[in-house]
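Take a look at the structure set out below.
So that the names make sense, note that chain A is the first sequence line, chain B the second, and so on, each numbered from 1.
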Protein chains: 2
Amino acid sequence: MKTSLVAVDFHGQGCADCAVRGFSVCASLDQFEMREFEQLSRRVSFASCETVFAQEDRSSCFYNLLDGVMRLYKLLPDGRRQIVGFVLPGDFVGMTTEERHGFSADAIGPVTVCQFAKLPFGRFADDKPNLLRRMNELAVQELNQARDHMVLLGRRSAEEKVATFLVGWRDRLVELRGPSNIVPLPMSRQDIADYLGLTIETVSRTFTKLERDGIIAILPGGVSLRDSARAEALAAA
Amino acid sequence: MKTSLVAVDFHGQGCADCAVRGFSVCASLDQFEMREFEQLSRRVSFASCETVFAQEDRSSCFYNLLDGVMRLYKLLPDGRRQIVGFVLPGDFVGMTTEERHGFSADAIGPVTVCQFAKLPFGRFADDKPNLLRRMNELAVQELNQARDHMVLLGRRSAEEKVATFLVGWRDRLVELRGPSNIVPLPMSRQDIADYLGLTIETVSRTFTKLERDGIIAILPGGVSLRDSARAEALAAA
DNA sequence: GATTCTCATTGATCTGAGTCAAAGACTGGA
DNA sequence: TCCAGTCTTTGACTCAGATCAATGAGAATC
């Protein structure tokens with residue numbers, strides 16, 4: 001998949017024409033606040049596979065993804081990797097009170113972010129209850145997703161894991177791009193494996209099995225959910 | 001373990017003498033705000049194994065644990081259970097923007113909570129950036145813990161899981177009660193299994209193995225970390 | 001269009017943790 | 001003190017998913 005997964009326009013540098021403005025943190029700001037906020041932000045692009053920030057880096061910035069997809073992951077000392085989330089446009093990343101990032105973030109395909117230095121951002125947010133509440137909302141949402149993912153990692157079979165991932169990923173894309181059962185998968189099989197707590201071989205076999213069972217069709221760069229009802233059933237129970 | 005795990009005094013009903021005041025959400029309030037806040041709260045006790053709130057209940061309240069231990073868990077339709085966290089005094093539970101709770105909370109042994117109705121709490125917090133920031137801080141902290149737990153569930157062996165759990169639980173108790181390598185475990189083996197994504201038999205066998213290896217000693221109602229360096233090594237790598 | 005790479009798939013085999021079954025060990029109550 | 005109930009430990013066996021080892025299929029380079 002060479003083309004950007006989610007096409008987002010940003011000709012200018014302003015917030016006014018930002019594709020992500022309507023549903024990200026900034027949605028909580030009025031025009032006046034936004035103008036000030038704009039001064040704190042900087043657009044930065046990364047090439048495919050570049051690291052936006054790494055585990056143990058000083059956490060000096062927050063990021064708002066504008067375009068592309070990122071993976072967030074933690075590494076164990078011996079190299080085992082757990083992907084803790086995939087990031088889509090509009091998602092806010094890097095919120096932390098810690099001195100250093102607890103995980104790494106890198107680009108899956110080319111990526112553009114809106115970057116904020118932590119300190120000025122903090123000062124700006126300090127007397128903006130709207131923004132603080134919005135950030136709370138986002139943190140709590142993420143926490144809910146994290147808990148769902150714990151259930152998946154701790155208590156589900158390989159087949160359930162893969163089906164849950166596909167349905168969940170589709171639903172996130174539907175939010176951004178509208179309904180479709182074609183599910184682009186910009187991440188590698190290894191990424192999916194590290195997200196689901198499986199090996200690449202098991203992911204591959206499970207894809208094949210789901211295709212054999214008529215639940216999905218494997219396409220270059222993604223899958224098509226042929227029988228989304230059955231996929232959803234696997235994801236639910 | 002019959003006695004309360006963490007003894008906390010609360011003779012009166014006020015916040016002033018609340019054992020948890022110094023390190024919970026309320027730490028962010030000044031005396032004046034606290035007086036108002038006090039009016040919103042109500043102390044409620046639960047007997048062992050009583051449910052404080054259940055998955056799919058309307059989320060009408062937040063809770064601040066004052067005394068005892070709770071487990072938070074999610075159930076799959078077929079009864080599989082994943083414990084997503086254990087709650088200790090000072091922890092804030094139930095924060096959500098959703099209409100309904102995404103998980104259940106029940107008492108492990110007798111429990112006392114400080115309960116707030118969601119709506120008045122929200123109104124109160126609305127213009128208190130200090131409180132909002134504190135809540136953010138707590139949410140982000142929890143998110144970090146959740147991500148660590150994902151690594152554990154997805155990428156660690158049974159032995160690493162159990163060692164990590166014991167070290168982590170000890171560290172949380174040390175925060176509350178001061179240093180000790182005696183680790184009381186008020187939760188059952190089944191609880192530990194459902195927290196670590198294992199079966200009760202595997203947990204039991206792993207405890208036995210750690211004891212055989214001289215890393216822990218199994219006591220009634222808990223364990224003693226005999227060789228905490230080796231336990232920590234298992235937990236780290 | 002041949003040559004590498006990298007990534008995905010498939011097959012054969014192994015193993016860590018699950019399952020099933022039984023025996024201990026506590027706990028609370030009569 | 002005995003009994004019933006619950007929780008924990010242990011043993012024997014199984015199996016889902018990991019590991020090891022090719023093979024296949026695109027994409028990138030020359």
Side-chain angles (χ1 to χ4, degrees), chain A residues 1-3 47-49 71 76 78-83 108-109 152-166 184-213 216-223 234, chain B residues 1-3 47-49 71 76 78-82 108-110 152-166 184-213 216-223 234:
Chain A
M1 187 139 295
K2 266 195 219 131
T3 60
S48 190
C49 292
R71 67 181 150 245
L76 291 175
D78 64 0
R80 280 175 289 178
R81 184 177 73 152
Q82 176 67 46
I83 291 187
I108 299 178
L152 177 142
L153 290 170
R155 286 293 177 232
R156 309 189 84 128
S157 69
E159 194 179 18
E160 290 170 342
K161 283 176 175 182
V162 171
T164 306
F165 165 67
L166 291 176
L185 296 172
M187 68 291 284
S188 69
R189 294 286 189 270
Q190 186 64 62
D191 287 340
I192 298 174
D194 287 346
Y195 183 58
L196 300 177
L198 299 170
T199 60
I200 185 174
E201 294 94 332
T202 299
V203 170
S204 186
R205 278 188 251 273
T206 308
F207 269 73
T208 306
K209 176 168 190 308
L210 291 176
E211 182 166 53
R212 239 186 355 249
D213 295 350
I216 65 172
I218 299 173
L219 310 173
V223 302
L234 276 172
Chain B
M1 188 141 290
K2 266 191 223 141
T3 58
S48 190
C49 292
R71 69 184 147 241
L76 291 174
D78 64 359
R80 281 174 289 177
R81 184 177 73 154
Q82 176 68 45
I108 298 178
L152 176 142
L153 290 170
R155 287 294 176 232
R156 309 190 85 129
S157 69
E159 193 177 19
E160 291 170 342
K161 283 177 175 181
V162 170
T164 305
F165 165 67
L166 291 175
L185 296 172
M187 68 292 286
S188 69
R189 293 287 189 267
Q190 186 64 61
D191 287 339
I192 297 174
D194 287 345
Y195 183 57
L196 300 177
L198 298 171
T199 60
I200 185 175
E201 294 94 332
T202 299
V203 170
S204 184
R205 279 187 252 272
T206 307
F207 269 73
T208 306
K209 175 168 191 309
L210 291 175
E211 182 167 54
R212 240 188 353 253
D213 295 349
I216 65 171
I218 299 173
L219 311 172
V223 303
L234 276 172

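Taking CD1 of A:Ile108 as the start and CD1 of A:Ile83 as the end, the distance is 6.5 Å to the nearest 0.5 Å. Here the CD atom belonging to B:Gln82 is positioned 11.0 Å from the CZ atom belonging to A:Arg156, to the nearest 0.5 angstrom.
Computed from coordinates, the B:Leu219 CG to C:dA25 P distance equals 17 Å when rounded to whole Å. Rounded to a whole Å, the NZ atom of A:Lys209 is 11 Å from the P atom of D:dG17. The interatomic distance linking A:Ile200 (CD1) with D:dC20 (P) rounds to 15 Å, in whole Å. Protein atom CZ of B:Phe207 is 10 Å distant from nucleotide atom P of D:dT8, rounded to whole Å. Atom-to-atom, CD of B:Gln190 to C1' of D:dT9 comes out at 14 Å; the value is rounded to the nearest Å. Atom-to-atom, CD of A:Glu211 to C1' of C:dT10 comes out at 14 Å; the value is rounded to the nearest Å. Separating the CG atom of B:Leu210 from the P atom of D:dT10 is a distance of 13 Å, rounded to the nearest angstrom. For B:Met187 and D:dC7, the CE to P distance is 15 Å, given to the nearest whole Å.
Listed by chain and number, the residues in a side-chain contact (heavy atoms from CB on, under 4.5 Å) with B:Ile218 are B:Arg189, B:Phe207, B:Glu211, B:Ile216 (sequence neighbours excluded). Remark: A:Glu201 engages no residue in a salt bridge (charged side-chain N to carboxylate O under 4.0 Å, His left out) (not counting sequence neighbours). With sequence neighbours excluded, the residues forming a side-chain hydrogen bond (donor to acceptor under 3.5 Å, both in side chains) with B:Thr202 are B:Thr199, listed by chain and number. The salt bridge (charged side-chain N to carboxylate O under 4.0 Å, His left out) test applied to A:Arg81 returns A:Asp191, A:Asp194, not counting sequence neighbours. Taking B:Glu159 as the reference, B:Lys209 meet the salt bridge (charged side-chain N to carboxylate O under 4.0 Å, His left out) condition, with sequence neighbours excluded.
At a threshold of 4.0 angstrom between heavy atoms, the contacts of A:Ser204 include nucleobase atoms, whether or not backbone atoms are also involved.
Contact check for B:Leu152 versus B:Tyr195: no side-chain heavy atoms found under the 4.5 Å cut-off. At least one side-chain heavy atom of A:Leu166 sits less than 4.5 Å from a side-chain heavy atom of A:Leu185.
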Exercise for review: Between protein and nucleotides 17-23 of chain C, map the contacts as a letter string: B base, S sugar-phosphate only, - none, heavy atoms under 4.0 Å, written 5' to 3'.
Suggested key: SSBB---

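Each end of the helix from C:dG1-D:dC30 to C:dA30-D:dT1 gets its own axis from five base pairs, and the two axes differ in direction by 40°, given to 10 degrees.
Side-chain proximity of B:Arg189 to the nucleotides D:dT10, C:dA8, D:dT9 is greatest for D:dT9.
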